[in-house]
Amino acid sequence: MRYFPVFLDLQGRDVLVVGGGAVALRKAETLRSAGARVTVIGESIHDELRARAARGEIALVERCFAASDVAAPWLIVAATNSRDVNAEVARAAQAARIPCNVVDDRELSSCIMPAIIDRSPVQIAVSTGGTSPVLARLIRERLEALLDESLGPLARFADRWRATARQVLANVTARRQYFSWLLTGPAASAIRARRGADADRLATRELARRRRLADRDAALAEGSPAAGHVSLVGAGPGDPGLLTLKGLRALQEADVVIHDRLASPDVLELARRDAERIDAGKRPGAGATQSGINALLVEHARRGRRVVRLKGGDPFIFGRGGEEIDALRAAGISFDVIPGITAAVAAGAYAAIPLTDRRHAQAVRLITGNDAAVLDAFDFSDVAAGRETLAVYMGVAQLPALRERLLRAGAPPALHVAIVENSSRANQRVVATTVDDLAAAAAAHRVSSPAVTLVGSVTASATATSVESAPKPIVLNA
Ligand code: SAH
């Protein structure tokens, strides 16, 4: 972090603006809207500033800046059109240890001003670390569009219910769930529609309902907390943009996130800040076992926590999600499953390989290739005949065996193959090769896990195409 963000309480506090032009006027206005007592020092003064001073809204000192001016304020803004004067202001501020912003000059500034989205009491401040004010403005525009005007009223609404909810619901999790309902459910809709009385009625009723439930649970469990819940969430192949909105919501409500090795750090980053994160990555020969993971899910849910089991790709595609929900069912724990984008689908998209392009394939098959005996159980005649695209998961170590089985099934040696490694991640690589060369090419390029091997003539297009949507597609023609 290059800058530490804070929100200053400037109500009734002195702030100094140096400069008398349009920029100084704008800054003085913003500062005044935050309740600051603004003094403007400058030589040639904008008419509007003069008018504001006449109305008593700001104090005006018409002369050039002197270092002694920095004695009292909480914050200084230098907005003159002379870099020398601005530098002098910055120096004086620095000596007095008063934060100083020099407009459009991050070298001279000890603090920088964000772009602001104001839905008071909710405020969002956007900073690009001074690298691009234009980018900050663009981000602000997007957020402005995303966050409607009801955000402020909603925040005040939730604030009004805070004390009551604390009295009625003793359990923190129950309270959090109540507020989550308050801010997203029918009461929130009523606030948006400016029907405050309806919103309060709904909030009262819901609070009473939750209290009854909590009492009943407590009675049932004789003091043990309410049953938790487990969401199996597909994290997708790595690019956090591929997470579903439902998955994101589950991550943000989770008390604990139990993730595997393939769930990317960028996706984990989206979980609630104070959620506990547990790495249950199963590495060959080490790490957590599946039964250990099952037990972990049950244990955390029994403690009344909202658990997200975050799995790379889709939970039910070679993800052992089936075994996990069996364990949850057996333990009587409620669960839901939120799908994710599986590696083969991502690899197709990010390497520009249409998996079922009808000119080449009428089917796509996802198989696991982690052991030669498993490969023997498959019939490769459809892919050999050019009717099917094959997506082989977990198969990096068995590519020689895969090659051999494909050739034995009659696949043309020149049939196209694309090995997509780290699909959708910044280090994605695509090795474009053929059935005959696939093992040699993978070895030559040191392909490593995670990688999906796509077999079939649909992959021919991967040789020539570079893809805009992928972070940095590196296509290696073997
Ligand atoms: N549930 C996951 C698959 C888990 S099995 C899913 O739906 O994608 C693990 C295998 O998935 C890896 O060996 C690899 O073959 C594939 N895989 C997962 N993420 C990948 C990625 N980002 N790029 C390429 N292959 C990936």
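Order of listing sets the numbers, starting from 1, for every ligand and every atom in it.
The protein atom (non-hydrogen) at minimum distance from atom 21 (C) of ligand 1 is S423 N, 3.5 Å. Nearest to atom 11 (O) of ligand 1 among the protein's heavy atoms is Y393 CD2, 3.4 Å. What sits closest to atom 10 (C) of ligand 1 on the protein, heavy atoms only, is M394 CG, 3.6 Å. Protein heavy atom closest to atom 3 (C) of ligand 1, with residue, atom name and distance, is I317 O, 3.4 Å. Protein heavy atom at the shortest distance from atom 7 (O) of ligand 1 is T342 OG1, 2.6 Å. Looking only at protein heavy atoms, the nearest one to atom 17 (N) of ligand 1 is A343 CB, 3.3 Å. In terms of protein heavy-atom proximity, atom 14 (C) of ligand 1 is nearest to A451 O, 3.4 Å. When only non-hydrogen protein atoms are considered, atom 5 (S) of ligand 1 lies nearest to F318 O, 3.6 Å.
Put simply, no part of G238 is less than 4.0 Å from ligand 1, judged by heavy atoms. Heavy atoms of A347 stay at 4.0 angstrom or farther from ligand 1.
Environment of CG in D104: sparse, with no more than 12 heavy atoms of neighbouring residues, nucleotides or ligands closer than 6.0 Å. Other residues, nucleotides and ligands place no more than 12 heavy atoms under 6.0 Å from the CZ atom of R142.
Only the backbone of N422 comes within 4.0 Å of ligand 1, counting heavy atoms alone; no side-chain atom from C-beta on gets that close. With a 4.0 Å heavy-atom cut-off, ligand 1 is reached by the side chain of L262 but not by its N, CA, C or O. Here R425 has side-chain heavy atoms under 4.0 Å from ligand 1, and that is the only part of it that gets that close. At a heavy-atom cutoff of 4.0 Å, ligand 1 is contacted by no atom of A346, backbone or side chain.
Each of R176, R306, R303 was checked for a side-chain hydrogen bond (donor to acceptor under 3.5 Å, both in side chains) with D255, and the lone residue meeting it is R176.
The aromatic rings of W161 and F157 sit perpendicular, their planes meeting at an angle over 60°, well past the 30° parallel limit.
Counting only heavy atoms from C-beta outward, the side chains of V455 and F380 never approach each other to under 4.5 Å.
Salt-bridge check for R192 with E149: failed, with every basic side-chain N at 4.0 Å or more from each acidic carboxylate O.
Numbered from 1 in the order shown, with element, the atoms of ligand 1 that lie under 4.0 Å from a heavy atom of V452 read 15 (O), 16 (C), 24 (C), 25 (N).
Between V420 and ligand 1, no N or O atom pair is found at a separation short of 3.5 Å. Taking only nitrogen or oxygen atoms, main chain and side chain alike, D314 reaches within less than 3.5 Å of ligand 1.
Scored by the salt bridge (charged side-chain N to carboxylate O under 4.0 Å, His left out) test, R2 finds no partners at all (sequence neighbours excluded).
Closest heavy-atom approach to atom 2 (C) of ligand 1 among the candidates A263, P237, G312, S449: G312.
Taking OG1 of T204 as the start and CZ of R209 as the end, the distance is 14.0 Å to the nearest 0.5 Å. Rounding to the nearest 0.5 angstrom, the gap separating the NE2 atom in H416 from the CG atom in L438 is 13.0 Å. Rounded to the nearest 0.5 angstrom, R320 CZ and D260 CG are separated by 11.5 Å.
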Inset, instruction - Would you please test D239 and Y350 for side chain to side chain donor-acceptor pair (under 3.5 Å) and show each step? - result: CA-CA 11 Å; D239 176 351; Y350 282 57; 2.9 Å; yes

